[in-house]
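One structure is given below, encoded as structure tokens.
The first residue in the sequence is number 1, and the count goes up from there. Just follow the structure's listing: the first ligand is 1, and inside any ligand the first atom is 1.
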Amino acid sequence: MTGSNTVAVIGLGYIGLPTAAVLATHGADVVGVDTNHATVDAVNRGEVLFVEPELEISVAGAVSQGRLRADTKTPPADTYIVAVPTPFAEDYAADLTYIEAAADGIAEQLVGGELIILESTSPPGATQHMADRILRSRRDLSLDGTGGRPVIHVAHCPERVLPGRVMIELVTNDRIIGGLTRTAAERAKQLYQSFCQGEIMLTDAVTAEMAKLVENSYRDVNIAFANELSVISEQLGIDVWELIELANHHPRVDILQPGPGVGGHCIAVDPWFIVSAVPEHARLIRTAREVNDAKPQRVIERVLSKAERFRDPRIAVLGLSFKPDIDDLRESPARRITAELADRLPGASIAAVEPHIEALPPDLAGRANVVLTGFDEAVDGADIVVLLVDHDLFRRADRQRLRLHEKVVIDTRGVWRS
Ligand code: SAJ
């Protein structure tokens, strides 16, 4: 330990950068580390390369006060926070390569006494795996002082913030910290207390890892229930949104909303880590994933059947992001639906409307029959209107003026029910 309060945050993405900025504005000296040179250069200019309310102002302030800088190399620090991606591999097992690379960079710098926190959403056992990897290359260190070797403190503190509300939720959400030792958990608690106003609860590392996965699986299972109801309702010829609204009047029923599928990098991914860890028992969690993953295909088939009556259909696709009022297109069902419609209907012209982006992502830009266009223009020229994301702009639309009653409308979010 140097006696100072230096923090290295490894991974300057949707979680790492906000965490780095918040720590810096609460008195820590923070170095953000990322392998991407463009990200590092942007942060050092006080800029942010993705949309998150209030983030850029916080980064710019911390950089101009000299509390935050970015680098491609991991520096020596008192505390390391690992916030790198944990994608899943072909077989749905978590890919820990990024965590391992971060651990290798940290291992070189350790002198003993440091705190290392894994924030990335991780499968059960990942925190121990990270510590084991560090200790394999640093046999002069230990977790508990055995053999008189200096101690490193390792803990898991999963992030639970909602994209679009990250800067608020980082401060107000409760946090779970799971230490490989009690001292590690307590040290991590001290750090988070510097900016977190929520309750901070201590446990062991595996329970903390599972808590995060369980939160997102809980939501996935509940969305799957709503999505299954939407398919059942379609077969029975009833309006699923009316059905859910009525059922939700019961004091102990609170069904979520169906949609074109579940997107984003969390809820569509994390449940697989549980399934992969205990496949024979995670039956409901697996089925929920399958139900939600099947939903985009159902939407595609519905559009294709409506398109049969037009020679070269003009289709307006409303929304490409994975949820409303953000610019995040990761794992977006809307994007997948748009791409497949373009492939299956080569003669169709598809006008995609996404008010939060300025250019189509490469997979869609490469398709000759898809253009990015304005809302009114797309709807005006369309035979079929497919609403995929409940952006505020679409919710507030004047349906009379847009003459939606003259078109085939497929509203996957139920925002245009009369
Ligand atoms: N969705 C529905 N119907 C609903 C609610 C959501 O179809 O009733 C869809 C959305 O359209 C979207 C997907 O689910 O495609 C996920 O959106 P979301 O808003 O439920 O969640 P995320 O992925 O933005 O953030 C989640 C949050 N977890 C929980 O609410 C339990 C957040 O707190 C986590 O920090 C985040 O995952 C994460 O990083 O793990």
Answer with yes or no whether Lys212 contacts ligand 1, where contact means a heavy atom under 4.0 Å from a ligand atom. yes
If you take the nearest heavy atom of each of Lys295, Arg219, Glu331, which one is closest to atom 5 (C) of ligand 1? Arg219
Indicate the ring-plane relationship of Phe375 and Phe394, choosing parallel, tilted or perpendicular according to the 30° and 60° boundaries. tilted
Which ligand 1 atoms does Arg160 reach within 4.0 Å, using its non-hydrogen atoms? 32 (C), 33 (O), 34 (C), 35 (O)
Numbering the atoms of ligand 1 from 1, which are under 4.0 Å from a heavy atom of Glu215? 31 (C)
Does ligand 1 have any atom that is closer than 4.0 Å to a heavy atom of Gly263? yes
Is it true that, when you exclude Arg401 itself, more than 12 heavy atoms of the residues, nucleotides or ligands shown sit nearer than 6.0 Å to its CZ? yes
Using a 4.0 Å cut-off to any heavy atom of Pro163, which atoms of ligand 1 qualify? 24 (O), 25 (O)
Out of Ile223, Ile244, Asn227, who is nearest to atom 7 (O) of ligand 1 when you count heavy atoms only? Ile223
Protein residue, atom and distance nearest to atom 29 (C) of ligand 1, heavy-atom basis: Asn216 OD1, 3.5 Å
Heavy-atom side-chain proximity of Tyr80 to Val9 below 4.5 angstrom: no
Regarding His391 and Glu354, is there a side-chain donor-to-acceptor distance under 3.5 Å anywhere? yes
So, using salt bridge (Lys or Arg N to Asp or Glu O under 4.0 Å) as the criterion, who are the partners of Arg336 when residues are at least two apart? none
Do me a favour and list the nearest non-hydrogen protein atom to atom 27 (C) of ligand 1 with residue, atom name and distance? Leu162 CD1, 3.7 Å
Would you check the N or O atoms of Phe322, main chain and side chain alike, for any that come under 3.5 Å of an N or O of ligand 1? yes
Give the atom numbers and elements of ligand 1 that come within less than 4.0 Å of a heavy atom of Arg413. 7 (O), 11 (O)
If we only count N/O pairs under 3.5 Å, is Leu256 in contact with ligand 1? no
I'd like to check which ligand 1 atoms, numbered from 1 as shown, lie under 4.0 Å from a non-hydrogen atom of Cys266. 36 (C), 37 (O), 38 (C), 39 (O), 40 (O)
Among side-chain atoms of His153 and Glu186, is any donor-acceptor pair under 3.5 angstrom? no
Who are the salt bridge (Lys or Arg N to Asp or Glu O under 4.0 Å) partners of Glu56, not counting sequence neighbours? none
Just which atoms of ligand 1 are under 4.0 Å from any heavy atom in Val262? 13 (C), 14 (O), 15 (O)
May I ask you to check if ligand 1 and Gly259 share an N or O to N or O distance below 3.5 Å? no
SB check Arg69 Asp71 (cutoff 4.0 Å): yes
Quick test: of every protein heavy atom, which one is nearest to atom 3 (N) of ligand 1, and how far off is it to 0.1 Å? Gln257 O, 2.7 Å
Arg396 bridged to Asp392 by N-O distance under 4.0 Å: yes
Counting each atom of ligand 1 from 1 as listed, which ones have a heavy atom of Glu159 under 4.0 Å away? 35 (O), 38 (C), 39 (O), 40 (O)
Does one side chain, of Glu340 or Gln297, offer a donor that lies under 3.5 Å from an acceptor on the other? yes
If you measure from atom 32 (C) of ligand 1 to every heavy atom of Val214, Val161, Asn222, which option wins on shortest distance? Val161
State whether a side-chain donor-acceptor pair under 3.5 Å links Asp78 with Asn5. no
Considering only non-hydrogen protein atoms, determine which one is nearest to atom 17 (O) of ligand 1 and report residue, atom name and distance to 0.1 Å. Lys323 CD, 3.8 Å
